[in-house]
Number of protein chains: 2
Amino acid sequence: MIVFMTSQGSTRQPKYQRIADALRAAIQAGEYGPGDRLPGENDLMATYEVARMTARQALGVLQNEGLAEARKGAGVFVRAFTPLRRRGIQRLAREQWGSGRSVWSADSEDRELVVDQVDVREEEADGPVCAALGVPAGTQVWARSRRFVLDGKPVLFAVSYLPADIVGDSAITQADTGPGGTYARLAELGHAPVHFREEIRSRMPSAGEAERLALSLGTPVIQIVRTAFAEGGRAVEINEMTLDSASYVLEYDFDA
Amino acid sequence: MIVFMTSQGSTRQPKYQRIADALRAAIQAGEYGPGDRLPGENDLMATYEVARMTARQALGVLQNEGLAEARKGAGVFVRAFTPLRRRGIQRLAREQWGSGRSVWSADSEDRELVVDQVDVREEEADGPVCAALGVPAGTQVWARSRRFVLDGKPVLFAVSYLPADIVGDSAITQADTGPGGTYARLAELGHAPVHFREEIRSRMPSAGEAERLALSLGTPVIQIVRTAFAEGGRAVEINEMTLDSASYVLEYDFDA
DNA sequence: AAGTGGTCTAGACCACGTA
DNA sequence: ACGTGGTCTAGACCACTTT
């Protein structure tokens, strides 16, 4: 006689969840450390007497939680995390860019940082950018995009928009903006940023974002939209950044 | 003659991805608006001539991206977003809690906010909490946990820890901390917070977190760990918050 | 060459929401 | 009552990595 044991059989949880729970518990108990290989589909099929698709689903749960990572032909492995600390307020202090240092140098001490996929062009601003900059629809802006790769792992990409009428033909229109970066140049042009606003969201990446940041399954992105304001309240830059959430901890320090 | 078309057949993309791409494009083109029902498993099986599991996988992609949401017995629907704006710095200004208002009232103007699952207890602090508070291992702390439900949707839960020796038997040990909340009480006790640090991470929720916040698939959580410092630099509170990323936009305003 | 995960089929029963 | 998504089986071929 065949007993067809559905999920109701002895517990009310689906099998794949119970398998995922067991693996998750083993990871958190330290039985599998960062980088270790987990039991694969075939192991789980044997151990738990389930079909391939069910074992697969269990491993899928852990990947979607960001706990594990599959490598084709090799196995499923426990993920390791070593996030960067991004000090939101200090890194933008006038002393940073005033002294000729890059804002980014504050985030990645003694790690190899490569800037990648640089693109600088003049274009017509779209709706949301116009709204954020407070300029009429169709205004010309300079759009600067680039990607940051740390120790071989892409961690962030960013596009910043500046109204064309204030950047003129300064180094902001070049790939290399020179010492102190965009903000130092804006200061020379008489539009030094005096105030910043950062908006933070988190969501799952689109397929394109996942590829550009080499994200594994179960990794959200953090989106930061920064507006820089000059004296008088005019918005002089919008910077739209997309970060690998596994690579970053954001920090904001402020007084009551 | 049967042509067995594998993923290599005419394109190099898997079928389920092509189906997901088509649906995603239709959503972004506005063919399906927020709340609309997408074609279901049976529709996709017929339209694309695939097996149930393949149609399912395609719909799974959209859910994991946070674009769609399945309702058992009903269908798969396009998700709608209307995030709250949480002004990280202004909401903690002394005037907020100094004037007897709750810090939370700043986030949710004219929406129905319910505080839920309140639990206040004295306990021994664990490792990470001790490190963050700068107290020796095993120190007694008060742990205050609660959940916030906005218009029927849980949006956040938080646990805050305060060293037992400074809260004494003040209202901080009660479910209701009184006008101005914990920070106003700390001020009365001579430990008014003068400085805050917020650390922000994002990741996929555990199963427990997903349930407590009623998160659908493909929704990350944002974790904020706030440390409040009194005059002299002593940490007087750690607040560990877990937010539904679909319900929040964080904002930080500061000067250069 | 052997083993791994990735994709896919063609069935099945279930719990649930809606009509 | 019916259609929906949720779970599950028992096979199969593929591309990939490792040995």
Side-chain angles (χ1 to χ4, degrees), chain A residues 2-21 23 35-64 67-79 207 210-211 216-218, chain B residues 2-21 23 35-64 67-79 207 210-211 216-218:
Chain A
I2 296 178
V3 177
F4 205 81
M5 173 144 39
T6 67
S7 9
Q8 307 303 343
S10 51
T11 72
R12 74 182 67 264
Q13 275 210 91
K15 284 190 191 180
Y16 76 91
Q17 273 293 356
R18 294 195 65 81
I19 300 175
D21 289 348
L23 290 172
D36 286 359
R37 179 171 185 272
L38 291 172
E41 296 176 0
N42 297 327
D43 300 315
L44 297 179
M45 285 166 72
T47 316
Y48 293 95
E49 294 177 314
V50 293
R52 161 157 265 107
M53 284 304 291
T54 307
R56 233 181 123 54
Q57 212 175 347
L59 290 168
V61 169
L62 298 183
Q63 294 174 56
N64 282 318
L67 291 177
E69 183 173 27
R71 293 206 281 273
K72 241 187 303 192
V76 181
F77 300 82
V78 179
R79 284 183 61 179
E211 195 188 0
S216 49
L217 269 185
Chain B
I2 295 179
V3 177
F4 205 80
M5 171 141 45
T6 68
S7 4
Q8 306 303 347
S10 51
T11 74
R12 74 182 68 266
Q13 273 211 93
K15 283 190 192 180
Y16 76 91
Q17 273 294 358
R18 292 195 66 80
I19 300 175
D21 289 348
L23 289 172
D36 285 0
R37 179 171 185 274
L38 292 172
E41 296 177 359
N42 297 326
D43 300 315
L44 296 180
M45 286 167 70
T47 317
Y48 293 95
E49 293 176 317
V50 293
R52 162 156 264 107
M53 286 302 292
T54 306
R56 232 181 124 53
Q57 211 175 346
L59 290 168
V61 169
L62 299 182
Q63 293 174 57
N64 283 317
L67 290 177
E69 183 172 29
R71 292 207 282 273
K72 240 188 303 193
V76 181
F77 300 82
V78 179
R79 284 183 62 180
E211 194 188 0
S216 48
L217 269 183

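A, B, ... follow the sequence lines: proteins, then strands. Residue 1 opens every chain.
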May I have the distance from [X] (atom [atom1]) to [N] (atom [atom2]), rounded to whole angstrom?
X: A/Glu41; N: D/dT17; atom1: CD; atom2: C1'; value: 15 Å
X: A/Lys72; N: D/dT17; atom1: NZ; atom2: P; value: 7 Å
X: B/Arg52; N: D/dT7; atom1: CZ; atom2: P; value: 13 Å
X: A/Glu69; N: C/dG6; atom1: CD; atom2: P; value: 11 Å
X: B/Leu44; N: C/dC8; atom1: CG; atom2: P; value: 14 Å
X: B/Met45; N: C/dG11; atom1: CE; atom2: C1'; value: 10 Å

Nucleotide of D/dT17, D/dT7, D/dT4 approaching B/Asn42 most closely (side-chain heavy atoms):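 Nucleotide nearest to B/Asn42's side chain: D/dT4.
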Which residues, if any, of residues 55-64 of chain B bring a heavy atom under 4.0 Å of DNA chain D?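 Nucleic-acid contacts, sorted: B/Arg56.
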Using five pairs at either end of the helix from C/dA1-D/dT18 to C/dT18-D/dA1, determine the angle between the two local helix axes and round it to 10 degrees.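 Angle reported: 10°, given to the nearest ten degrees.
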For B/Pro39 and A/Gly73, take the nucleotide of DNA chain D holding the closest heavy atom to each; which residue's nucleotide lies nearer the 5' end?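 Per heavy-atom nearest nucleotide, the more 5' residue is B/Pro39.
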N/O (side chain, A/Tyr16) to phosphate O (OP1/OP2, D/dC8) under 4.0 Å: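 The answer is no; no side-chain N or O of A/Tyr16 sits under 4.0 Å from OP1 or OP2.
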Here's a test of your reading of the structure: between A/Gly75 and B/Thr54, which maps to the more 5' nucleotide of DNA chain C?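 Mapping each residue to its closest nucleotide by heavy atoms, the 5'-most match is A/Gly75.
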Would you mind telling me which residue lines up with the more 5' stretch of DNA chain C, A/Ala70 or A/Met53, judged by nearest nucleotide?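 Looking at DNA chain C, the more 5' nearest nucleotide goes with A/Ala70.
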